[in-house]
Structures are given as C-alpha cells and as structure tokens.
Amino acid sequence: MIKRNTGFSHLTAGYLFPEIAKRRREYASSHPNAKIISLGIGNTTEPLTPHITKAMADYAKALGTKDGYSGYGDEQGNTALREKIARVFYSGKISVDEVFISDGAKCDIARIQTLFGRDVNVAVQDPAYPVYVDGSVVYGAAGANNGSGYEGICYMSCLPENSFFPDLSKIQKNSLIYFCSPNNPTGAVATREQLKALVDFANKNGCIIIFDAAYFCFIRDENLPKSIFEIEGAKTCAIEVNSFSKPAGFTGVRLGWSVVPSDLKYEDGTPVKNDWNRVMTTLFNGASNIAQAGGLAALDDEGLTEMKSLVDYYLENARIMKATLTTPRFKAAGVEVYFDGNSPYLWVRFPNQKSWDVFDKILNECQIVTTPGSGFGPAGESFIRFSSFGHRSDVEEACKRLENLNL
Ligand SMILES: *Cc1c(COP(=O)(O)O)cnc(C)c1O
C-alpha cells in the first residue's frame with residue numbers, strides 16, 4: 001500500500017477553527033435559545049459593492065454570448081489587471097511581468113512552498129496566521145510537534161513588550177521568513193524602520209521574506225508602509241502575497257496576486273520568478289475570469305472609493321469594540337487592548353489567564369464567539385482576538401453584553 005505523506009501525520013490535530021466551531025456547537029445545543037454572535041473567524045460580512053458587482057454580473061452575462069465567451073486565459077492572469085495592479089497599488093515600482101494573479105493569498109502561500117523544497121529553514125512571527133506553519137509541515141520543511149512547536153520552525157515572539165517586532169538575530173542564515181503586516185492576529189503594523197531592518201537582515205543573511213500584505217487596505221496612518229516594496233532593497237529579498245478578499249469582500253469570489261521581483265535570485269543565480277512562472281502555469285490554471293473582471297473594476301476610481309468605505313465600516317466596528325473594552329472596569333481588571341486603527345483586529349490580553357478559559361467565559365456569559373490567541377502560536381497565550389468583521393447591529397449588541405462580563 002501507499003505510505004501516507006509524513007507531513008500529514010506530523011500535523012497536530014485540533015486545528016484552531018474546528019475546535020472553536022465544536023465549542024460553539026456544544027454551547028448552542030445546551031442553550032437552544034441563545035443568540036450567539038460571532039466575532040471570531042476573519043471572514044467578511046458586508047455585501048459586495050455596486051460598481052464591482054455590476055462589472056462581474058455584466059462579464060458573467062457576456063460569457064453566455066458568442067462574442068463575450070472566453071475559455072482559459074493566461075495562467076499568470078489578465079494582462080490589463082496585472083498592469084493596473086502594478087500602477088495603482090505599486091505606483092509603477094513593480095513591472096507587469098512581476099505580478100501574478102491568483103485565486104487568493106492563502107493558495108499562493110501554499111504554492112510558494114513548492115519553490116523551496118523541504119530543506120529550507122523557516123521563521124515565523126509568533127503568533128501567526130496558521131497556514132505558514134501548517135503548510136511547511138505538510139511540505140516537510142518542518143518536522144513533528146514536540147509540544148512547544150514544530151521542529152525546524154523558528155518562532156519569533158511578537159509581544160507588546162517588543163512592540164510586536166521580533167528579535168531578528170534568532171533567525172538562521174538562508175531562512176524563509178514569513179512576515180505579515182498588518183498582522184493577523186495581533187493587528188500590529190511594522191513601521192518603515194522595522195521593515196528596513198528586516199530587509200537589510202534578509203539581504204545580509206541570504207533569506208527570502210514572504211510578505212503577507214492581505215490587510216494593507218486597513219492602514220490609515222500615512223507614515224506606515226503598505227507594501228514591502230516601499231522599502232529599499234526589498235526587490236532582492238522579498239515576495240509579496242496579497243488579495244482582494246479583505247479590501248473588496250472577495251473572500252468567496254476568490255482573487256489575489258503575488259509580486260515576485262525579477263531581481264530575486266536563488267543561491268545559484270536563477271531568478272525565483274522563472275520557477276514561480278512555472279508553478280503558476282503548471283500547477284495552477286488561472287484565476288476565474290469573472291473574478292478578474294471584478295478586480296479590474298475594483299481598481300477604477302469608483303471601485304477604489306467603494307473599497308475604502310467598505311474597510312471604513314469594519315474599522316468603525318473595531319473602534320466601537322475598543323471603546324467597550326477600554327472602559328475603567330476593564331482597565332481596573334488589567335485587560336490590555338491593542339488596536340491602533342490600522343487593522344481589523346483587536347488583540348486583547350487578559351493577564352494571567354489562559355486564552356481558552358477566557359474564550360469559554362465570553363461564550364458562556366455573553367454568547368459571543370471570539371478567537372483564543374493561543375491558537376495562533378505559543379506567544380498568543382492569554383490573548384483573545386476580537387474581529388471587526390460583522391454587522392454593525394451585532395457588534396453593538398456584542399458590546400452591550402461585554403459590558404456585563406464578570407472580570
Ligand atoms: C484573510 C487572509 C488572507 C487572505 O487569503 P485569501 O486566500 O486571499 O482569501 C491572507 N493572509 C492572511 C493573514 C489573512 O488573514
């Protein structure tokens with residue numbers, strides 16, 4: 001018989017979100033009248049916006065006509081969309097052939113791992129979005145979990161105590177460094193100086209940064225960088241993955257992109273972009289043409305305005321939650337709220353308590369589902385992630401209930 005990929009046997013059971021779903025189900029079945037509100041999973045809740053929706057609807061209709069029909073497109077994506085992304089999001093600092101359109105950032109993060117094989121060293125922010133580590137385990141770049149993390153992964157603690165920016169000296173030479181800013185789950189945004197230090201470190205030590213900018217559209221402080229390519233030197237050490245999921249509510253539509261600069265090389269001098277082009281043409285077959293029509297519309301002036309107000313809605317939700325969680329009662333209990341207005345998440349510390357205990361308490365007393373910070377890595381212990389993805393009325397109701405949480 002065929003052997004199982006050892007990567008799967010190394011993955012520890014109880015992936016975060018299934019465990020949350022299980023606890024929610026159990027609570028609901030013993031409290032059938034409870035109106036549970038979810039501030040948990042990072043999924044968008046508000047409808048697609050008019051200009052973008054119309055473009056997709058028109059495109060879909062045209063596909064049903066002789067003249068409007070098209071089959072497979074270029075695997076790297078529609079050239080007009082690649083051009084528009086380079087121009088609008090990167091002010092022309094990136095060329096068209098360095099932009100690759102995809103079905104989303106998570107999918108790109110998984111595929112990127114095929115470029116580096118199983119011998120690569122991996123470093124991640126701790127806490128981090130789970131796919132960086134879990135993907136590395138599946139591909140064999142990390143080993144078994146020894147209780148304090150997977151072997152072969154360098155976990156870089158990001159805590160309030162270090163302003164959520166890791167100690168880079170822990171990273172081995174020639175490592176793949178996953179870096180997410182604004183970060184999921186902490187919401188922390190790296191400053192220009194911090195990213196410059198990261199880029200300089202990577203260039204000096206033969207590392208490649210996989211920069212996840214999926215939440216760039218939440219950055220409202222103009223001094224904060226939205227792309228790694230705003231930093232000098234990034235083109236020789238970084239890949240950026242990005243997505244329309246959060247800016248345009250495309251979590252279900254599915255559309256993302258990656259930027260692999262021509263100057264990024266392997267040890268032997270081969271451009272990484274050549275292999276990435278190979279991956280996208282051989283293992284991927286192009287993003288949906290309907291979704292790409294939506295992406296093109298999203299980059300029109302009307303589309304950009306719509307995306308901004310969509311994101312503003314979630315940012316306002318976050319501000320409403322912050323106001324509740326920072327009242328004197330919460331402060332007196334030592335609760336610390338980290339949110340500076342540039343991300344969809346509030347990262348909240350309940351000192352000396354376990355994340356899962358706080359999760360259960362909020363579920364039991366307030367019928368609100370949150371996300372326990374420990375599920376994102378060891379440094380997430382004692383934290384809870386509150387997501388601003390929700391309807392305003394639910395957020396307001398959740399805040400009313402939280403006012404009565406026993407602290
Ligand atoms: C939501 C999210 C993404 C987006 O993934 P898609 O596959 O494009 O929907 C990527 N990275 C992080 C950290 C996210 O939270």
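All ligand and atom numbering here is 1-based and tracks the order in the structure.
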Per-pair distances, 0.1 Å, donor-acceptor, side chain in residues 115-122, under 3.5 Å, sequence neighbours excluded:
from, atom 1, to, atom 2, distance (Å)
Asn121, ND2, Lys173, O, 3.4

N/O to N/O under 3.5 Å, ligand 1 against protein:
from, atom 1, to, atom 2, distance (Å)
ligand 1, 7 (O), Ala105, N, 3.3
ligand 1, 7 (O), Lys106, N, 3.0
ligand 1, 7 (O), Arg254, NH2, 2.7
ligand 1, 8 (O), Ala105, N, 2.7
ligand 1, 8 (O), Ser243, OG, 2.7
ligand 1, 8 (O), Ser245, OG, 3.4
ligand 1, 9 (O), Ser245, OG, 2.6
ligand 1, 9 (O), Arg254, NH1, 2.9
ligand 1, 11 (N), Asp212, OD1, 3.3
ligand 1, 11 (N), Asp212, OD2, 2.7
ligand 1, 15 (O), Asn184, ND2, 2.8
ligand 1, 15 (O), Tyr215, OH, 2.5
ligand 1, 15 (O), Lys246, NZ, 3.4

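- The six-membered or imidazole ring of Phe383 lies away from that of Phe376, with a centre-to-centre distance of 6.0 Å or more.
- Classification of the Tyr27-His31 ring pair by plane angle, with boundaries at 30° and 60°, yields parallel.
- A donor-acceptor contact closer than 3.5 angstrom is absent between the side chains of Glu98 and Tyr90.
- Inspection of the Asn43 and Thr45 side chains reveals no N or O donor paired with an N or O acceptor under 3.5 Å.
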> Is there a ring pair (Phe, Tyr, Trp, His ring centres under 6.0 Å) between Phe386 and Phe339 once you walk through the steps?
Replying inline: CA-CA 10 Å; Phe386 286 87; Phe339 171 75; over 10 Å; no

